[in-house]
Amino acid sequence: MAKSMEKLVGVHSLLLTKNPYTRTPNSNRKSVDLSRDAIALCKQSRLKEAISVLDKMDLDDDIPNLFTGNTLVSIYAKCGRLKDARRVLQAMPKRNVVSWTALIAASCKYGRYEEALNLFYQMQREGIEPNGFTFSSVLPAFANLGDLKQGKEIHEDIIRRSVGTNCFVGSALVNMYVKCGSIEDARQVFDKMCERNAVSWTVMIAGYAQTGQVHEASKLFERMKEPDVVSWTTMVAAYAQNGQVDKALDLFKKMPERDVVAWTAMISGCVRNKHFDRALDIFREMQLADAEPNSETFSSLLPACANLGALECGKEVHQNLIRSGSQSSIFVGSALIDMYVKCGKTEDACKVFDKMAERNVVTWNSMIVGYAQNGYLDEALKLFESMPERNVVSWNAMISGYAQNGQVDEATKFFQEMPDRDVVSWTAMIAAYVQNGQVDDAMKLFDKMPLRNVVSWNTMIAGYAQNGNVEGGMTLFQRMPERDVVSWNTMVAGLAQNGHVDQALKLFQEMPEKNVVSWTSMIAGYTQNGHSNEALKLFREMQLADVKPNPDTFASVIPACANLASLNHGKEIHDSIHRNGFLSDVFVESALVDMYAKCGSIDHACKVFRKMLIRDVVSWNTMITGYAMHGLGMETIHLFEEMLLSSLNPNGITFVGVLSACCHAGLVQAGLQYFDCMRQIYHITPTTEHFCCMVDLLGRAGYLNEAENFVKEMPMEPSATVWVSLLGACRNHTNVEIAERVANLLFHIDPKSATPICATVKHLCCRWQVG
DNA sequence: CTAGGGTTAG
């Protein structure tokens, strides 16, 4: 921009020095002097100062002549001060095509296409003929209208006036046809052009890229004699926009020079194709190449941080933005909010939102999503109601917020009330039903959808699979018009989670493309179905295939080591986690604690547990249960007390651990107290497992009558295990009377599990006939 | 005067 400014200003200053007093000598003296100063400042790229000089002008007193006026219009227009430019134009007693064209061009540049068109017609009403400059300036406005009919009319107008289709007009026409959706007309103009420059080629290439004809685009690019950095970037973006990241990267590497736009295009290309880690790599490379990123670069990069949960990188970007003073621009601000939200920092997102000087609908939506997805539906609703304008995304965000929080009725309300629904709204509503177990309602909606895309199909397939209907899911999977990697992953996971490991494996092997999720789903499928060796084998295969595991992968493979009680494998994987830097993931760490405990190494378990920076209720439960399993009653109870001090609330599973520890340690009184505390303080309804522990606890200690009473008072039907436990206690404490009653009952409920235990107590119950 | 890169929802 600075270059063209110099050129433009140069012309005018030359004219001014030749003949500064074109019109009446004295009346314009002041404005002429001021514009000369302004031009001088412009030449030194001191735009702000130039403008402040111009601001001193009083247009009521100082009527600008043609040259002064045109200079003023250009400078104001270039700075985006369209109002002032227009004011000057209106104050000019005489104006020519240059004055009008400058304003038209600026209007287009700042996205004020309507204004540009109005100016274009106004100028002709004033009897001034547009020239080539005018047409190339106004054509972007026609391009933006997207109206092919009007576009063809202006094309005919150009031909009629014999303006001549030079590079500028021709390229602008090609661009106009591309944007109006007629790539054929664009190509025709392109082919007819007598001379073409890099711009002409580039608009044509971009046109093919936007219509998905990346092959045509690359054919043209190959034919170009002197592609400039814009042409290269267009082709790189063309590949990325059409899903060919590898080709984009190859071309990017071959670029003779790269500017900030080229780097940004490559980063956003990776992001667009969900290669978030690659996007970060490119950014690091950019920093090493000493290229200065700008706010566009950061808005491209932030979604990568967001989706990777790379909070540190996101914060680094935020710091950069604060330093450059652009952290509150709309694009960057919205991207920052989204990044903080996805990294689980709703409060930081909120801070950014509050600080922003200007917000648009995307900003509001990002914040709504932030609240909604973290369960703050009231806050989300408040924002939704107070935002100045809403679009379909705002409504969809509310629907999925309610869906994720299990509030189907609210979701339905929004779905019904919203002014227009798109495919996302329908899919979000389907997900809401699925979440609530209403698969049939979900399917009804799916059938009614006016338009489906691959995500809608995937959601419905997952819906069936999650609710145990694998066949329903499989039918859809086979029926769907096109599948992406998510479809395959969903089906593999669905099959595996419903116990069909063989079918899952078959599908897994058939997959046209596998990602880390595919491998992880299959590994998890093996682990959950008790095929621990296969899980470990597949994990090894995955590493040989050079697929980088993520925390979920580890959380899936660690339990396999635990199931095998294989300390060596467990340690191996622990090392691998260390190498991959996932040792601060609460899921992974808890899985490690569990694995070490199950592999018999309670010390290792404790070491991992103590190193954890963040612990959730699962982490505590794992360690508590670990101690309990090792018969370390006192350690279990101490840890439990420590957990209470950490202000985390225990859940039912915590108490199973605690009660069984009391049982092993023979702490009858403590056990009874904890059982009461569980119900009265934490309002946890005891399950069969808790009763089992209590019966075991009382029975082992010889309180057989109390144990029997406990069973009688159970609110649910006692399971066979409870009776077996009690019967065992009778055997150990030689209580024939209760044993007889219990054995009778047990035979009644579950003859199969009754037989062996009854056999062992046979010598106590002489009168009892087995079988 | 014409061409390339940016934020949100399933």
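Side chains included, hydrogens not; waters and symmetry mates left out as well; all remaining heavy atoms used.
Residue A/Thr427 has its side chain nearest to B/dG10 when only B/dA9, B/dA3, B/dG10 are considered. The side chain of A/Ser231 sits closest to B/dA3 out of B/dA3, B/dT8, B/dT2. Side-chain proximity of A/Ala431 to B/dG5, B/dG10, B/dT8: nearest is B/dG10. With B/dT2, B/dG4, B/dA3 as the choices, the nucleotide that has an atom nearest any side-chain atom of A/Ser136 turns out to be B/dT2. Relative to the side chain of A/Pro140, the nucleotides B/dT8, B/dA9, B/dT2 differ in distance, and B/dT2 lies closest. For A/Asn294, the side-chain atoms get nearest to B/dG5 when compared with the rest of B/dG5, B/dT7, B/dG4. The side chain of A/Thr297 has B/dG5 as its nearest neighbour among B/dG5, B/dA3, B/dT7.
For A/Tyr376, the OH atom counts as loosely surrounded, since its 6.0 Å shell holds 12 or fewer non-hydrogen atoms of other residues, nucleotides or ligands. Other residues, nucleotides and ligands place more than 12 heavy atoms under 6.0 Å from the CZ atom of A/Arg196. Annotation: A/Glu316, atom CD; neighbour count of heavy atoms from other residues, nucleotides and ligands within 6.0 Å is above 12.
Phosphate proximity of B/dG4 to A/Gln241: absent, as no side-chain N or O sits under 4.0 Å from OP1 or OP2. Note on A/Ser268: a side-chain N or O is less than 4.0 Å away from OP1 or OP2 of B/dG6. Using a 4.0 Å cut-off, no side-chain N or O of A/Gln373 falls inside it from OP1 or OP2 of B/dA9. Using a 4.0 Å cut-off, no side-chain N or O of A/Asn365 falls inside it from OP1 or OP2 of B/dA9. Note on A/Lys342: a side-chain N or O is less than 4.0 Å away from OP1 or OP2 of B/dA9. A sub-4.0 Å separation between OP1 or OP2 of B/dG6 and a side-chain N or O of A/Arg272 is present.
Judged by atom type and distance alone, A/Thr234 does not reach the base of B/dG4 through any side-chain donor-acceptor pair under 3.5 Å. With hydrogens and angles left out, the side chain of A/Ser300 and the base of B/dG6 share no donor-acceptor pair within 3.5 Å. Taking only distance into account, the side chain of A/Ser171 meets the base of B/dT2 through a donor-acceptor pair shorter than 3.5 Å. Judged by distance alone with a 3.5 Å cut-off, a donor-acceptor contact links the side chain of A/Ser334 to the base of B/dT7.
Rounded to a whole Å, the CE atom of A/Met339 is 15 Å from the C1' atom of B/dT8.
None of A/Phe252, A/Trp263, A/Phe221 except one satisfies the ring-ring contact (aromatic ring centres under 6.0 Å, His included) rule with A/Trp232; the exception is A/Phe221.
Between the side chain of A/Asn405 and the backbone N or O of A/Gln407 there is no donor-acceptor pair closer than 3.5 Å.
Here A/Phe331 does not lie in a stacked arrangement on the base of B/dT7, lacking the combination of planes under 30° and ring centres under 5.5 Å apart.
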